[in-house]
J.: 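This structure is in structure tokens; I'll ask about it shortly.
Remember, it's a predicted structure, so these values are computed and weren't measured experimentally. Values below: every heavy atom of this structure, side chains too, minus hydrogens, waters and symmetry copies. Proteins get letters first, then strands, A, B, ... in listed order; numbering begins at 1 in each.
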Amino acid sequence: MPRARRTAPAAVPPAAAGDDGFAARLLAWFDRHGRHDLPWQHPRTPYRVWLSEVMLQQTQVATVIPYFERFVRAFPDLPALAAAPADAVMAHWAGLGYYSRARNLHAAARLCVERHGGELPRDLEALTALPGIGRSTAGAILAQAWGDRFPILDGNVKRVLARYHGVEGWPGLPAVEKRLWALAESHLPHARLADYTQAQMDFGATLCTRAQPACVLCPLNDACVALGAGRTGELPAPRPARVLPERSAVVLLAEDAEGRLLLQRRPPTGVWATLWSLPEAEDEAAARAWFRRHLQGRWAPEPLPELPHAFSHYRLRLRPLRLRRVAPRPAAGDNPDLRWVARAELHALALPAPIRKLTGP
DNA sequence: AATACGGGGCC
DNA sequence: GGCCCAGTATT
């Protein structure tokens with residue numbers, strides 16, 4: 001990758017009507033300072049671009065990279081993913097969060113085998129018709145994988161455009177988002193769409209950051225409305241504050257005589273849907289009732305330290321109770337949502353992150 | 001239009 | 001401890 005130069009970016013003449021050189025400056029910046037060695041760039045296949053885009057939804061690059069590497073090792077291409085069991089897919093997503101992404105990814109892979117010959121369609125409508133692919137992800141796939149001329153509008157682009165154009169209002173508001181989409185379209189270059197798309201994301205993630213943007217080094221600093229007004233700290237407008245509800249739950253760490261752990265599959269909707277977790281109850285009384293219905297042995301719960309966990313939309317206090325030397329009731333033995341798992345097998349299962357902390361690796 | 005949906009990074 | 005992040009689906 002070329003070394004950073006000390007000179008100011010050369011003035012770029014407008015490339016087309018309505019264009020102030022935004023894209024050209026961003027591309028020039030990208031050539032020197034962008035990221036060119038991300039795992040999904042080598043090789044940059046549609047499948048790998050798609051997978052990376054979905055993993056990167058609401059998730060930062062550094063978090064995604066190890067998950068991406070493991071995932072493509074297990075499922076190297078789209079047909080392999082489509083053919084995989086759902087539990088295996090979920091196990092490779094466990095810990096990354098927003099698990100509907102993984103379920104949608106899997107379903108979309110199977111739909112591609114049905115509808116599109118086992119490949120991702122090169123078509124905006126067909127892409128957004130697949131579960132888990134919205135307008136921005138579809139645009140990113142088309143631009144990154146094929147160089148097609150479509151805009152994206154992720155958190156980075158929203159922040160950059162809100163500052164550059166001085167767009168007021170929280171970007172989550174539909175009216176503001178509509179304006180930002182129009183601006184994103186207006187800046188679209190006519191060539192190098194894959195690089196341009198990557199450039200916007202690298203620019204937002206490394207230079208035009210949320211806190212402390214590096215405006216001194218910015219190739220757009222002479223035309224940025226927010227910088228000119230000294231308002232980079234105020235744009236984009238923050239999401240309206242909200243009070244997070246608090247909930248608590250009792251989870252059972254039930255072991256049988258061999259030290260195997262009892263897991264329960266989560267229901268198909270709600271948080272951690274379809275993941276394996278610990279038996280959960282609202283409080284200790286409900287936990288005891290659950291114990292008497294499903295297990296036999298002594299009800300002698302040992303409280304373990306509480307585990308606080310924060311979601312985007314509420315706070316959860318997990319109160320673990322440990323039970324030793326319990327056994328299933330004979331009638332409960334055929335429940336497919338319950339299984340006894342040796343500690344050594346836990347790593348292969350899709351467990352929510354806080355439950356993983358509780359049970360160990 | 002508002003809410004559900006994870007987990008981690010950063011100040 | 002609060003805010004945000006390479007958003008989408010559902011209601």
J.: Quick one: label R242(A) by what it contacts on the DNA or RNA (base, sugar-phosphate, nothing), any heavy atom closer than 4.0 Å.
T.: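 Nothing: the residue R242(A), judged by heavy atoms under 4.0 Å, touches no strand.
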J.: From C-beta outward on Q57(A), which listed nucleotide comes closest to its side chain: dG6(B), dA9(C), dG7(C)?
T.: dG7(C)
J.: Out of dT8(C), dG6(B), dG8(B), which has the shortest distance to the side chain of T63(A)?
T.: dG8(B)
J.: Within less than 4.0 Å of OP1 or OP2 of dT8(C), is there a side-chain N or O belonging to S100(A)?
T.: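 For S100(A), the contact criterion (side-chain N or O under 4.0 Å from OP1 or OP2 of dT8(C)) is not met.
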J.: Which is more 5' along DNA chain B, the nucleotide nearest L173(A) or the one nearest Q58(A)? Just name the residue.
T.: L173(A)
J.: Report the distance from atom CD of Q60(A) to atom C1' of dC4(C), rounded to the nearest whole Å.
T.: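 After rounding, the reported distance stands at 8 Å.
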J.: Nearest to the side chain of V271(A), which nucleotide is it out of dG7(C), dG2(C), dG6(B)?
T.: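 Between dG7(C), dG2(C), dG6(B), the one nearest the side chain of V271(A) would be dG6(B).
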J.: What is the distance, to the nearest angstrom, from the CE atom on M201(A) to the C1' atom on dA6(C)?
T.: 6 Å
J.: Categorize G204(A) for me: base, sugar-phosphate, or nothing, with a 4.0 angstrom heavy-atom threshold over every strand shown.
T.: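 No contact at all - G204(A) keeps every heavy atom at 4.0 Å or more from the nucleic acid.
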J.: Should the pair D256(A)-R325(A) be classified as a salt bridge under the 4.0 Å nitrogen-to-oxygen rule?
T.: no
J.: Taking for each residue the nucleotide of DNA chain C bearing the nearest heavy atom, is the 5' side occupied by I133(A) or by T59(A)?
T.: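 The residue whose closest nucleotide sits nearer the 5' end is T59(A).
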J.: Please measure how far the P atom in dT3(B) lies from the corresponding atom in dA6(C), and state the result in whole Å.
T.: 23 Å
J.: What is the distance, rounded to the nearest whole Å, between atom CG of L307(A) and atom P of dG6(B)?
T.: 16 Å
J.: Verify, without hydrogens or angle tests, whether R103(A) (side chain) and A273(A) (backbone) share a donor-acceptor contact under 3.5 angstrom.
T.: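 Yes, the answer is positive, given that a donor and an acceptor are paired below the 3.5 Å cut-off.
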J.: Of L130(A) and V61(A), whose nearest nucleotide on DNA chain C comes first from the 5' end?
T.: V61(A)
J.: Is the charged tip of R135(A) near the ring of W181(A): under 6.0 Å from the six-membered ring centre and within 45° of its axis?
T.: yes
J.: Quickly work out the I65(A) CD1 to dG7(B) P distance and round it to whole Å.
T.: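 Whole-Å distance recorded here is 20 Å.
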J.: On a whole-Å scale, what distance lies between the P atoms belonging to dG6(B) and dT11(C)?
T.: 15 Å
J.: When the aromatic ring centroids of F311(A) and Y314(A) are compared, is their separation below 6.0 Å?
T.: yes
J.: Base, sugar-phosphate or nothing for I355(A)? Non-hydrogen atoms, less than 4.0 Å.
T.: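 I355(A): no heavy atom of the nucleic acid under 4.0 Å.
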J.: Heavy atoms only, 4.0 Å cut-off, all strands: where does Q198(A) land among base, sugar-phosphate and nothing?
T.: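 Base, at least one base heavy atom under 4.0 Å.
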J.: Strictly below 4.0 Å, N to O, side chains only: are R343(A) and E255(A) in salt-bridge contact?
T.: yes
J.: With a 4.0 Å limit, can you tell me whether Y99(A) has a side-chain N or O closer than that to the phosphate oxygens OP1/OP2 of dG7(B)?
T.: yes
J.: Just compare dG7(C), dA1(B), dA6(C) and give me whichever is closest to any side-chain atom of P174(A).
T.: dA1(B)
J.: How far does the P atom of dG9(B) sit from the matching atom of dT8(C), given to the nearest Å?
T.: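 To the nearest whole Å, 23 Å.
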J.: Can a side chain N or O of H309(A) be found less than 4.0 Å away from OP1 or OP2 on dG6(B)?
T.: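 For H309(A), the contact criterion (side-chain N or O under 4.0 Å from OP1 or OP2 of dG6(B)) is not met.
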J.: Specify the separation, in whole Å, of atom CG of D202(A) and atom C1' of dC5(C).
T.: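 Rounded to the whole Å, the gap is 15 Å.
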J.: Counting any heavy atom closer than 4.0 Å, what does S136(A) reach on the DNA or RNA strands: base, sugar-phosphate only, or nothing?
T.: sugar-phosphate
J.: Have a look at F311(A) and say if it touches a base, only the backbone sugar-phosphate, or nothing, with a 4.0 Å heavy-atom cut-off.
T.: sugar-phosphate
J.: Taking only the side-chain heavy atoms of A211(A) (C-beta and beyond), determine which of dG6(B), dA6(C), dC11(B) contains the nearest atom.
T.: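 Nearest nucleotide to the side chain: dC11(B).
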J.: Applying side chain to side chain donor-acceptor pair (under 3.5 Å), can you list everything that pairs with W40(A), at least two apart in sequence or on another chain?
T.: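 With sequence neighbours excluded, W40(A) shows a side chain to side chain donor-acceptor pair (under 3.5 Å) to no residue whatsoever.
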J.: Please tell me which of the listed nucleotides, dA4(B), dA6(C), dG7(B), lies nearest to the side chain of H313(A)?
T.: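 Looking only at side-chain atoms, H313(A) lies closest to dA4(B).
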J.: To the nearest Å, give me how far apart CE (M55(A)) and P (dC5(C)) are.
T.: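 After rounding, the reported distance stands at 21 Å.
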J.: What is the separation between atom CG on L96(A) and atom P on dG9(B), rounded to the nearest whole Å?
T.: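 L96(A) atom CG is separated from dG9(B) atom P by 12 Å.
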J.: Does the ring center of W93(A) lie less than 6.0 Å from the ring center of Y67(A)?
T.: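 No, too far apart.
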J.: Give one of base, sugar-phosphate or nothing for R159(A), where a contact means two heavy atoms less than 4.0 Å apart.
T.: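 Sugar-phosphate contact only - R159(A) comes under 4.0 Å of backbone atoms but never of a base.
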J.: Which listed nucleotide (dA6(C), dC4(C), dG6(B)) is nearest to the side chain of P238(A)?
T.: dC4(C)
J.: I want to verify a distance call: between dG7(B), dG7(C), dA9(C), whose nearest atom is closest to the N104(A) side chain?
T.: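 The answer is dA9(C), which lies nearest to the side chain.
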J.: Is there a donor-acceptor pair under 3.5 Å between the side chain of H187(A) and the backbone N or O of L161(A)?
T.: no
J.: CG of L26(A) versus C1' of dA6(C): gap in Å, rounded?
T.: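 After rounding, the reported distance stands at 15 Å.
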J.: Can you tell me which nucleotide in dA6(C), dC3(C), dG6(B) comes closest to the side chain of R210(A)?
T.: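 Nucleotide nearest to R210(A)'s side chain: dC3(C).
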J.: Given dG7(B), is OP1 or OP2 found less than 4.0 Å from the side-chain N or O atoms of W272(A)?
T.: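 Yes, because at least one side-chain N or O of W272(A) sits under 4.0 Å from OP1 or OP2 of dG7(B).
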